[in-house]
Number of protein chains: 2
Amino acid sequence: MSRFQVLPEAVPGNEATLMPCAACDVRDMAICSVLQGREVDRLAQIVSRIPLADGQSIFQEGDEADYVYNILEGAVRLFKLLPDGRRQITGFLYSSDFLGLALKENYAYSAEAVSGAVICRFPHGKLERLLDEFPRLEKRLLNEASNELIAAQDQMLLLGRKTAVERLATFLSALAQRQDALESGGTVNLPMTRTDIADYLGLTIETVSRTFTKLRKSGVIEVPDAHTVTLMDLAALRDLTEDE
Amino acid sequence: MSRFQVLPEAVPGNEATLMPCAACDVRDMAICSVLQGREVDRLAQIVSRIPLADGQSIFQEGDEADYVYNILEGAVRLFKLLPDGRRQITGFLYSSDFLGLALKENYAYSAEAVSGAVICRFPHGKLERLLDEFPRLEKRLLNEASNELIAAQDQMLLLGRKTAVERLATFLSALAQRQDALESGGTVNLPMTRTDIADYLGLTIETVSRTFTKLRKSGVIEVPDAHTVTLMDLAALRDLTEDE
DNA sequence: CGAGGGTTTGAATTAGATCAACTCTCGTGG
DNA sequence: CCACGAGAGTTGATCTAATTCAAACCCTCG
């Protein structure tokens, strides 16, 4: 993979490089995994690998939806803004996630790199044609959309009805799941800032900070640095989510 | 249609009746609209028309997802519960809406009739087979899922960042859209209770009631009865949503 | 060493929740 | 025909979880 790596100093220019999908890190996890043998060659011809600077915009709400993406590395945030600047982050994407499910002619939300993001870009129109050719790909997307919808409903429950402690516990618990930190003592990486977490959980940055402190003082987590959480008592954390 | 009408007194028994899709009220709006000519006959063989008593459960979160549905008449609510009873309504469905997009083996949420609901039931497995046969149907579902995801993100913005007035204005404005009440003076029907609205908007029933009063006193709406809203100033209502 | 993000902590404020009446239907039955 | 009760909605008084305002406290990096 490293020979396709675009060096950090190349980032500002934002140059895309062609990439043989066969060598891709997320080949077996992303939507591409439903393609077999030579089928991926078709994909390889239409994708570009794009490294992003932290904070860099991928697209903005309202832009023409010309491309869809796979996340190869790092983290990405999706969000919507109100005219006065209030922001709601509707999701974080990590490596192997697909970006571009919810779209019509234009993107319904904005997307930005959080940290260390490298993405794989597909022209939307060409992907549509591939969908007709490979029904398995379409099935996979429908399945992906179904998962997204379930996650969205969980998030609505969180935003509409959960307390600050329940929100943060749910967030950390889901991250732990995603990062296979499945037992106490495990460690979870938070690539995003407290402001991002606040805008994702429908809270203010101060409340997020205070809630971290509360969890820390109650012995459920430790926070060696702002972007690392050690799970001291995963069962207790799960209890705090109030999920069944 | 009337000859397929199951009379109200038959509701408690919940009996399903076969139904020729050709005569269906929502034939041209629901997902069925992508099927042509004789294709719908295949559908007709696997569907049942089921009238529901108000408040009746369609399925519960965790149930095996054996069926998917179209709403033929009336309104349906989808919701999730926390163990202590807090409820978040994740959406209302109305006639021609599809129910069953977000599912794996089991339903991820519960569904109940709100009022006057009549639904059309498909065995999940048989629909899956139809999907393979009619790619257009699958495309339509993917498109439907995309719309749902966009709506879900709007709702996250509402729940995470909007004030009570903004939430109610957004809700009423969306209902007006759906019911083609596109100008001031138009009237909107609210099939659900204040409790339902509260659980949808992430508020309490008292706050919903006070917010209705506020909108009424400011001359934006009139409320002839609890289930009817007259739009006195649709532009002002739209402004209050804070959407662009 | 000093500047500027990002984060934490404290004190004061407030939007919305909670608690508590009270009203308005509407259906039931004496 | 009217009394009654139950469910749904409204309104008022009080409370509180989270926000807002304010001030430090890191770090890292030039």
Side-chain angles (χ1 to χ4, degrees), chain A residues 8 53-55 75 77 82 84-89 114-115 158-171 189-217 221-229 240 242, chain B residues 8-9 53-55 77 82 84-89 114-115 158-172 189-218 221-229 240 242:
Chain A
D54 293 357
R77 59 176 168 254
L82 290 174
D84 65 3
R86 279 173 287 173
R87 182 177 73 155
Q88 179 64 39
I89 291 184
V114 170
S115 75
L158 179 150
L159 292 170
R161 290 298 179 223
K162 287 190 177 180
T163 65
V165 168
E166 288 163 354
R167 290 179 201 210
L168 188 58
T170 303
F171 175 65
N189 178 250
L190 309 176
M192 67 292 289
T193 66
R194 295 287 183 269
T195 304
D196 284 338
I197 296 174
D199 285 351
Y200 182 57
L201 299 181
L203 300 169
T204 60
I205 179 175
E206 295 95 330
T207 298
V208 168
S209 183
R210 282 185 240 279
T211 308
F212 265 109
T213 303
K214 204 176 288 182
L215 291 182
R216 200 164 42 71
K217 289 193 173 163
I221 59 171
E222 281 183 5
V223 189
D225 72 283
H227 294 284
T228 311
V229 167
L240 288 174
E242 286 295 315
Chain B
E9 49 269 34
D54 293 357
R77 59 177 167 252
L82 290 173
D84 65 3
R86 279 173 287 172
R87 183 178 71 156
Q88 180 63 39
I89 291 183
V114 170
S115 74
L158 178 149
L159 292 171
R161 290 296 180 226
K162 287 190 176 180
T163 66
V165 168
E166 288 164 354
R167 292 179 199 210
L168 188 58
T170 303
F171 175 65
L172 292 176
N189 178 250
L190 309 177
M192 67 293 289
T193 65
R194 294 288 184 269
T195 304
D196 284 338
I197 297 174
D199 285 350
Y200 182 57
L201 299 180
L203 301 169
T204 59
I205 179 176
E206 294 95 331
T207 299
V208 169
S209 184
R210 282 185 241 277
T211 308
F212 265 109
T213 302
K214 205 175 287 182
L215 292 182
R216 200 164 42 73
K217 288 193 172 161
S218 71
I221 60 170
E222 280 182 5
V223 188
D225 70 284
H227 294 283
T228 312
V229 167
L240 289 175
E242 286 295 315

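The chains referred to below are lettered A, B, ... by the order of the sequence lines, with proteins before strands, and numbering in each begins at 1.
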For this session: Carefully, step by step, assess Lys162(A) and Leu201(A) under the rule side chain to side chain contact (heavy atoms under 4.5 Å, CB included).
Result: CA-CA 10 Å; Lys162(A) 287 190 177 180; Leu201(A) 299 181; over 6 Å; no
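- In this structure, Leu168(A) CG and Lys214(A) NZ are separated by 10.5 Å, a value rounded to the nearest 0.5 Å.
- Within the structure, a side-chain polar atom (N or O) of Arg194(B) is placed less than 4.0 Å from OP1 or OP2 of dT10(D).
- Under the side-chain hydrogen bond (donor to acceptor under 3.5 Å, both in side chains) criterion, Thr228(A) pairs with Asp225(A), sequence neighbours left out.
- Taking only side-chain nitrogens and oxygens, Thr207(A) never comes nearer than 4.0 Å to OP1 or OP2 of dA18(D).
- Residue side chain Arg216(B) does not reach the base of dT11(D) through any donor-acceptor N/O pair under 3.5 Å, judged by distance alone.
- Summarising the geometry of Leu82(A) relative to Glu242(B), their closest heavy-atom pair is CD2-O, 3.5 Å, with the distance given to 0.1 Å.
- Taking side-chain N and O atoms only, Ser209(B) has no distance below 4.0 Å to OP1 or OP2 of dT11(D).
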With B for base contact, S for sugar-phosphate-only contact and - for none (protein heavy atoms under 4.0 Å), nucleotides 22-30 of chain D reads ---------
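- One distance of note links CG of Asp196(A) with CG of Leu190(A); it measures 11.0 Å at 0.5 Å rounding.
- Arg86(B) places a side-chain heavy atom less than 4.5 Å from the side chain of Thr163(A).
- Within residues 197-205 of chain B, the residues approaching DNA chain C are Gly202(B), Leu203(B), Thr204(B), by heavy-atom distance under 4.0 Å.
- Checked options Leu203(B), Thr211(B), Ile197(B); the residue passing with Arg167(B) is Leu203(B) (criterion: side-chain contact (heavy atoms from CB on, under 4.5 Å)).
- Along DNA chain C, read 5' to 3', the first and last nucleotides having any atom under 4.0 Å from a heavy atom of chain B are dG16(C) to dC19(C).
- A distance of 7.5 Å separates CG in Asn189(A) from OG in Ser115(A), rounded to the nearest 0.5 Å.
- Put simply, the side chain of Leu215(A) does not reach to within 4.5 Å of the side chain of Val229(A), judged on heavy atoms.
- Residues that satisfy the ring-ring contact (aromatic ring centres under 6.0 Å, His included) test with Phe171(B), not counting sequence neighbours, are Tyr200(B).
- Comparing the local axis fitted to the first five base pairs of the helix from dC1(C)-dG30(D) to dG30(C)-dC1(D) with the one fitted to its last five gives a bend of 20°, rounded to 10°.
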*asked:* Would Val223(A) and Thr213(A) count as a side chain to side chain contact (heavy atoms under 4.5 Å, CB included) here? Give the steps.
replied: CA-CA 9 Å; Val223(A) 189; Thr213(A) 303; over 6 Å; no
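- Of the two residues near DNA chain C, Lys214(B) and Val223(A), the one whose nearest nucleotide lies more 5' is Val223(A).
- Distance check, rounded to the nearest 0.5 Å: OG1 of Thr204(B) to CZ of Arg194(B) gives 13.0 Å.
- The main-chain N or O of Asp199(B) is found under 3.5 Å from a side-chain atom of Gln88(B) such that the two form a donor-acceptor pair.
- Between the P atom of dG9(D) and the CZ atom of Phe212(B) lies a distance of 9 Å, rounded to the nearest Å.
- Put simply, CZ on Arg210(A) is 11 Å from C1' on dC21(D), counting in whole angstrom units.
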